[in-house]
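Input: a single structure, listed below in structure tokens.
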Number of protein chains: 2
Amino acid sequence: MRAVPARAASAKDDVTVKLIGIFKKLIAEGALLPGGRLPAERELAETFGVSRSSLRQALKVLEIMGVISQRVGDGTYLNSGAQRILGEPMEFLILLDGISFHELMEARLIVEPALAARAADRASDEDIADIRRELIAMQTGDPSRLTAHDLLFHQAIFRAAGNRVCGQMFAVVHRSLENMIRLTSQLVTPDHTLNLHRRIFEAIRKRKPEDARRRMEEHLLDAKSLLVRAMKDREQTDRQTQIAVLSKASRRGLTARSGRKRV
Amino acid sequence: MRAVPARAASAKDDVTVKLIGIFKKLIAEGALLPGGRLPAERELAETFGVSRSSLRQALKVLEIMGVISQRVGDGTYLNSGAQRILGEPMEFLILLDGISFHELMEARLIVEPALAARAADRASDEDIADIRRELIAMQTGDPSRLTAHDLLFHQAIFRAAGNRVCGQMFAVVHRSLENMIRLTSQLVTPDHTLNLHRRIFEAIRKRKPEDARRRMEEHLLDAKSLLVRAMKDREQTDRQTQIAVLSKASRRGLTARSGRKRV
DNA sequence: GCTTGGAGAATGGTATAACCAATTCTTGCC
DNA sequence: GGCAAGAATTGGTTATACCATTCTCCAAGC
């Protein structure tokens, strides 16, 4: 056996990781400003002393996360806001941890009442106008966009609560639940949901935090039970097996029971 | 002018995005099981009809997000749990949106009292034992690991609240705040924090949700004001400018005021 | 002077080939 | 049976070439 290298191999030397770290530092230091344009890939690669392929791996990670945007023939730009930065990761989190819609609704039940109370405490007049706007849109707008406005109503409350961290997080949770929530709208009249929303809104408008918390809790508990009923109705979900080309590979090596497992 | 291609160019045709979508489907369908081993890169590339470089871009994204792990000479494996899946994205979110420690503490203030109340409602005996363990570790353990156990105490409460979504999210928030929280421990005696923790624990143990909520709020408000004091004390943070090689590039083209801006 | 083409440059997207280092598997010797 | 050397496999990295899109810029035409 050859002599074991002395250096600890625990810390990964991955070039991609290093590059991402560099970009992180650049952003933190303000060398890279939102909306700003990065040098060309070929130039960046030379600057960092890596190949273009390696650099592209790092850039791709940043693009998928929503940190940058790349356009052919144009260039690479640092995104101003982090709109959908938690989107992809959250979807994989749901997949990998096998998180059910039930648990997602639970998360809403934990957080959103608290956010509603917060909103009642410190919503500006403008915030309240925003919330009212979504309420009215649900009432008079296109019925097909009812679920969309439902969620926008909730997100307006998040903004009123004045915390972008929570806002970002639950915008993602909402998106993951959107399709399921749409199912529930067939079980009740639009007025049903609307009334519950109105009660939340009134509590916020009247600056009654504890009321807002209770109303929100009430609304989400109702939505949750509706969701359970809706899911029971359709029992089996439609399994898509579009990628036929992969069935072979999956039988061979894609499952857990393949050889060469880690000891 | 040449004839404009008829196909809408709005939907991105990015191969990497497609590949990630494929992997997502494979995981969703169960063709890929946690802990399972994926085929070799060269084989996957051939299966999907893409180059190895393109495939590697997709795999790298998944690896950074924590979905898979790659080991040289061994292979690529699907991770069982999504431990740190929101870590990187959250850090970029904080950077890009310019989220301050203040806002992070606000987020904790919104969510953690609600989680504490939840924990008081439904913690198992085992959960309570876990929380107690962290409390004792703070009391008798290594003083240098006091902050670590402080945060572990909070995360034990998250687990007791029984929601992995919230748990994942705020484990990340905690990590982002860890260094700053450590600063505050110099301003008070260990007993100070310990007592506040004990009161939260007792409320949970005695199954008093509203008490737990209040105690947690009390603790976080205290921590927040300590944090403000600590920050005032050191005023200027040490700016690290490690990547000297980049200062040139940043002066040239990395800032927002470069040419070729989007119209 | 202003608009309008069009050529050429720049840029991101992809594919191919080659080599390296780490790990695992296989083989054959003792 | 155990073990060590070599072969095969696998991810990590680099280099190069080509494509399609977009932008820049200058000259021709009005």
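Quick caveat: nothing in here was measured; it's all calculated off a predicted structure. Convention: sequence-line order gives letters A, B, ...; per-chain numbering from 1.
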What is the distance, to the nearest angstrom, from the [atom1] atom on [X] to the [atom2] atom on [N]?
| X | N | atom1 | atom2 | answer |
| --- | --- | --- | --- | --- |
| B/R71 | D/dG12 | CZ | P | 11 Å |
| A/E63 | C/dG13 | CD | P | 6 Å |
| A/L62 | C/dG12 | CG | P | 14 Å |
| B/L44 | D/dT9 | CG | C1' | 14 Å |
| B/I20 | C/dG13 | CD1 | C1' | 15 Å |
| B/D14 | C/dG12 | CG | P | 13 Å |
| A/L55 | C/dT14 | CG | P | 15 Å |
| B/E43 | D/dT9 | CD | P | 11 Å |

May I ask you to evaluate whether [X] reaches the phosphate of [N], defined as a side-chain N or O under 4.0 Å from OP1 or OP2?
| X | N | result |
| --- | --- | --- |
| B/Q70 | D/dT10 | no |
| B/S54 | C/dG13 | no |
| A/T16 | D/dG12 | no |
| A/R56 | C/dG12 | no |

Listed pairs, N/O of protein and of nucleotides 15-18 of chain D, under 3.5 Å:
none

Check: B/Q155/B/E134 side-chain N/O donor and acceptor closer than 3.5 Å: no
Sequence-distant partners of A/E91, side-chain contact (heavy atoms from CB on, under 4.5 Å), two or more places apart: A/R175, B/K24
Who pairs with [X] by ring pair (Phe, Tyr, Trp, His ring centres under 6.0 Å), at least two apart in sequence or on another chain?
| X | result |
| --- | --- |
| A/H149 | none |
| B/F101 | none |
| B/F170 | none |

Residue pairs passing the salt bridge (charged side-chain N to carboxylate O under 4.0 Å, His left out) test where at least one lies in residues 146-173 of chain A, sequence neighbours excluded: A/R164-B/E103
Nucleotide nearest B/E41 (side chain, heavy atoms from C-beta), chosen from D/dG11, D/dT13, C/dG12: D/dG11
Under 3.5 Å donor-acceptor, A/S176 side chain and A/V172 backbone: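 Indeed, once roles are kept as given, a pair shorter than 3.5 Å links the two residues.
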